[in-house]
**Student:** 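Next up is a structure, given as structure tokens.
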Amino acid sequence: MSDERLRRWRLLLGPSAEDVSDLGEDDQRRDGALTGLYGGGGDRGAGLGASSPQLHRWLGDVRKYFPTSVVQVMQRDAVEKLGLKQLLLEPELLQSVEPDVNLVSTLLQLSRAIPARTRDTAKAVVRKVVEDIERRLQDRLVEAVRGAVDRSKRTRRPQLPDVDWATTIRANLKNYQPQHKTVIVEDLIGHRRRSRASAMRDVVLLVDQSGSMAESLVHAAVLGSALASIRSISTKLVVFDTEVADLTDQLSDPVDLLFSAQLGGGTDINRAVAYAQTLVRRPTDTVVVIISDLYEGGSETELQRRVRELVASGVTVVNLLALSDSGTPAYDHELAAKLHALGAPAFACTPDKFPELLAAALRKDDLTQWAEAEGIATGR
């Protein structure tokens, strides 16, 4: 029997037939996804027992390692076998679930299977999590970004409305006159007034919507919505798998945006970066943030060429391997190192660190030094 046939029989029969054929790394993940859903005995219908997988991770593996037609069958089976049918069909039960980012990730991945009468409840669950993230991060993000963008270079010849009086007084305390109880101001310190157009910065968020990046997509939607509220920032949010979808016009409501995303499928980062290139108006005032684990299904050579062109033109390019609280994910170390060498550093960033990271990028700080100072490992 050929090696390929033995491999197929091994995947069909499950771990009990492990002596039939050795599996490579990808096949082991396929086997794990099948076992999580259908059981591990000689009969794949053995059931889940107590070995049910973390559902959102399982869904990501299913979409990554199986074709769409198979994914649809396995997802329907998951709704039945993993006990999700009752959750999706009964709004009252869904309302009783404690919402968190992982639950939101799962709901979004199963959104096409949620019936109409439960959809509003599912959206309400997602909105609770979105509002919690907003309460935690929105003010910090707005403050950090405004501080980075709105304050231009200091000048000692500011117009009166632009004087920084606190700094001016501190700088002139040496000229304090005790007898007059006053400070003689020799130097006015302030900021050059700039037109609104010259103060603008462009931020493009490219978000990988493969199943493994679900938590990052949730945070990106909320943070992108907050950025869109800042007048001095022009924000674009683009999601991608093997296709590219610009969801910028939905940034006003991150919940609707999330339900518009289509989690799953392959990954073509090169195509997403090609689209981002069309959005660049003023390279030196633009930050492109690629949120992806960098497992490229498209052309790595073309991706590197495009990133090189962006960096050479003055665009600040940042790779976020994750935007989540789950720690550093599995990612393509080799590609991360290559992009870092091109001037596009890679980090695994928690949502709490994102405001400071983006502010540093907008100021054009050395992001590698910033990451080292913050104790954040770079992907190189």
**Student:** Go through the steps to decide whether V287 and V204 satisfy the test side-chain contact (heavy atoms from CB on, under 4.5 Å), and finish with yes or no.
**Tutor:** CA-CA 6 Å; V287 176; V204 181; over 6 Å; no

**Student:** Tell me, do S225 and Q250 make a side-chain contact under 4.5 Å, heavy atoms counted?
**Tutor:**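 Heavy-atom side-chain distance check fails, nothing below 4.5 Å.
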
**Student:** Carefully, step by step, assess L227 and L223 under the rule side-chain contact (heavy atoms from CB on, under 4.5 Å).
**Tutor:** CA-CA 6 Å; L227 283 173; L223 293 166; 5.6 Å; no

**Student:** Hey, what do you get for OH (Y275) to CG (N270), rounding to the nearest 0.5 Å?
**Tutor:**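 Reported value, rounded in 0.5 Å steps: 15.5 Å.
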
**Student:** Looking at V101, is its backbone amide N or carbonyl O close enough to the side chain of S105 to form a donor-acceptor pair, meaning the two atoms are under 3.5 Å apart?
**Tutor:**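 Checked: pair present.
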
**Student:** Measure the shortest side-chain to side-chain distance between V317 and I290 over non-hydrogen atoms and say whether it is less than 4.5 angstrom.
**Tutor:**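 They are in side-chain contact.
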
**Student:** Search all heavy atoms of R363 against all heavy atoms of A148 and return the closest pair with its distance.
**Tutor:**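 Nearest pair, atom of R363 first, then A148: CG-CB, 3.8 Å.
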
**Student:** Is a side-chain donor or acceptor of S313 paired with a backbone partner of L310 at a separation under 3.5 angstrom?
**Tutor:**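 Present.
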
**Student:** Going from CG on D285 to CZ on R201, what distance comes out if it is rounded to the nearest 0.5 angstrom?
**Tutor:**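 With rounding to 0.5 Å, CG (D285) is 4.5 Å from CZ (R201).
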
**Student:** Hey, is the main chain of I184 close enough, under 3.5 Å, to the side chain of Q177 for a donor-acceptor pair?
**Tutor:**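 Looks like no, no N/O pair under 3.5 Å.
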
**Student:** Side-chain contact, heavy-atom cut-off 4.5 Å: D332 with E300?
**Tutor:**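 Heavy-atom side-chain distance check passes, below 4.5 Å.
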
**Student:** Any heavy-atom pair between the side chains of F347 and K353 that's under 4.5 Å?
**Tutor:**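 They are not in side-chain contact.
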
**Student:** Check A336 against A346 and note the closest heavy-atom contact, atom names and distance.
**Tutor:**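 Here A336 and A346 meet closest at CB-CB, 4.1 Å.
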
**Student:** Passes side-chain contact (heavy atoms from CB on, under 4.5 Å), V315 versus Q277? Steps please.
**Tutor:** CA-CA 10 Å; V315 174; Q277 287 182 299; over 6 Å; no

**Student:** How close do A122 and L107 get, heavy atom to heavy atom, and via which atoms?
**Tutor:**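 Looking at all heavy atoms of both residues, the shortest contact is O-CD1, 4.2 Å.
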
**Student:** Say whether, by atom type as modelled, one donor and one acceptor occur between the side chain of S210 and the main chain of T267 under 3.5 angstrom.
**Tutor:**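 Side chain of S210 to backbone of T267, a donor-acceptor pair under 3.5 Å: no, none is there.
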
**Student:** When rounded to the nearest 0.5 angstrom, what is the spacing between CG in L279 and OG in S234?
**Tutor:**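 Rounded to the nearest 0.5 Å, the CG-OG separation comes out at 9.0 Å.
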
**Student:** Can you check whether D352's main-chain N or O pairs, donor with acceptor, with R140's side chain at less than 3.5 Å?
**Tutor:**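 The answer is yes, because a donor-acceptor pair under 3.5 Å joins these two groups.
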
**Student:** When you compare the side chains of D241 and Q209, does any donor N or O come within less than 3.5 Å of an acceptor on the partner?
**Tutor:**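 Indeed, the side chains of D241 and Q209 share at least one donor-acceptor pair under 3.5 Å.
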
**Student:** Looking at every non-hydrogen atom in both residues, tell me the closest pair between L205 and G224 and how far apart they are.
**Tutor:**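 Looks like CD1-CA, 3.9 Å.
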
**Student:** Heavy atoms, side chains only, cut-off 4.5 Å: are V273 and L303 in contact?
**Tutor:**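 Result yes, sub-4.5 Å side-chain heavy-atom pair found.
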
**Student:** Can a donor-acceptor pair be found, under 3.5 Å and without considering hydrogens, that links the side chain of T350 to the backbone of S324?
**Tutor:**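 Such a contact is absent between T350 side chain and S324 backbone.
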
**Student:** Between E296 (side chain only) and G298 (backbone N and O only), is there a donor and an acceptor less than 3.5 Å apart?
**Tutor:**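 Side chain of E296 to backbone of G298, a donor-acceptor pair under 3.5 Å: yes, one is there.
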
**Student:** State whether R306 and E309 are salt-bridged, where the test is any N-O pair (Lys NZ or Arg NE/NH1/NH2 against Asp/Glu carboxylate O) under 4.0 Å.
**Tutor:**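 The answer is no: the pair does not qualify as a salt bridge.
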
**Student:** SG/C349 to CG/L320 distance, rounded to the nearest 0.5 angstrom?
**Tutor:**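 Those atoms lie 5.5 Å apart.
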
**Student:** Please confirm whether the backbone N or O of T248 pairs with a side-chain atom of D246, one donor and one acceptor, at under 3.5 Å?
**Tutor:**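 Yes; at least one donor-acceptor contact below 3.5 Å.
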
**Student:** Do V288 and T316 come close enough that some side-chain heavy atom pair is under 4.5 Å?
**Tutor:**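 They are not in side-chain contact.
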
**Student:** Please check: side-chain N/O of R271 versus main-chain N/O of V244, any donor-acceptor pairing under 3.5 Å?
**Tutor:**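 Judged by distance alone, no pair lies under 3.5 Å.
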
**Student:** Contact between D208 and I291 at the side-chain level, heavy atoms closer than 4.5 Å - yes or no?
**Tutor:**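 Not in contact.
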
**Student:** Over all heavy atoms of both residues, which pair between I233 and V203 is shortest? Give the atoms and the distance, please.
**Tutor:**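 Heavy atoms of I233 and V203 come nearest at CG2-CG2, 4.0 Å.
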
**Student:** Nearest 0.5 Å, what's the CZ-CZ distance between R231 and R146?
**Tutor:**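 These two atoms lie 9.5 Å from each other.
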
**Student:** Please answer whether the main-chain N or O of A344 pairs with a side-chain N or O of N319 as donor and acceptor at a distance below 3.5 Å.
**Tutor:**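 Checking the backbone N and O of A344 against the side chain of N319, a donor-acceptor pair under 3.5 Å is found.
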
**Student:** Kindly work out whether a path of hydrophobic side-chain contacts (I/L/V/M/F/W/Y, heavy atoms less than 4.5 Å apart) joins F240 to Y295.
**Tutor:**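 Different clusters.
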
**Student:** Using a cut-off of 6.0 Å, state whether more than 12 heavy atoms not belonging to E334 lie near its atom CD.
**Tutor:**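 No, not enclosed.
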
**Student:** Please step through salt bridge (Lys or Arg N to Asp or Glu O under 4.0 Å) for the pair K236 and D202, ending with a clear verdict.
**Tutor:** CA-CA 8 Å; K236 305 288 187 183; D202 297 332; over 6 Å; no

**Student:** Let's go through V207 and V238 carefully: what are the C-alpha distance in whole Å and the side-chain angles of both, what is the deciding distance for side-chain contact (heavy atoms from CB on, under 4.5 Å) to 0.1 Å, and is it a yes or a no?
**Tutor:** CA-CA 6 Å; V207 190; V238 179; over 6 Å; no

**Student:** How far apart are the closest heavy atoms of G343 and V311, and which atoms are they?
**Tutor:**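 Where G343 meets V311 most closely, the heavy atoms are O-CG2, 4.1 Å.
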
**Student:** To the nearest 0.5 Å, how far apart are NZ in K338 and NE2 in H340?
**Tutor:**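 So the NZ of K338 and the NE2 of H340 are separated by 15.0 Å.
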
**Student:** Would one find more than 12 heavy atoms of other residues, nucleotides or ligands at under 6.0 Å from atom CD of E143?
**Tutor:**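 Incorrect, the count does not exceed 12.
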
**Student:** What pairs with D132 under salt bridge (charged side-chain N to carboxylate O under 4.0 Å, His left out), at least two apart in sequence or on another chain?
**Tutor:**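 Partners of D132 under the salt bridge (charged side-chain N to carboxylate O under 4.0 Å, His left out) test: R135.
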
**Student:** Do D325 and H219 make a side-chain contact, defined as non-hydrogen atoms from C-beta onward lying under 4.5 Å apart?
**Tutor:**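 A side-chain contact exists here, since the closest heavy-atom pair is under 4.5 Å.
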
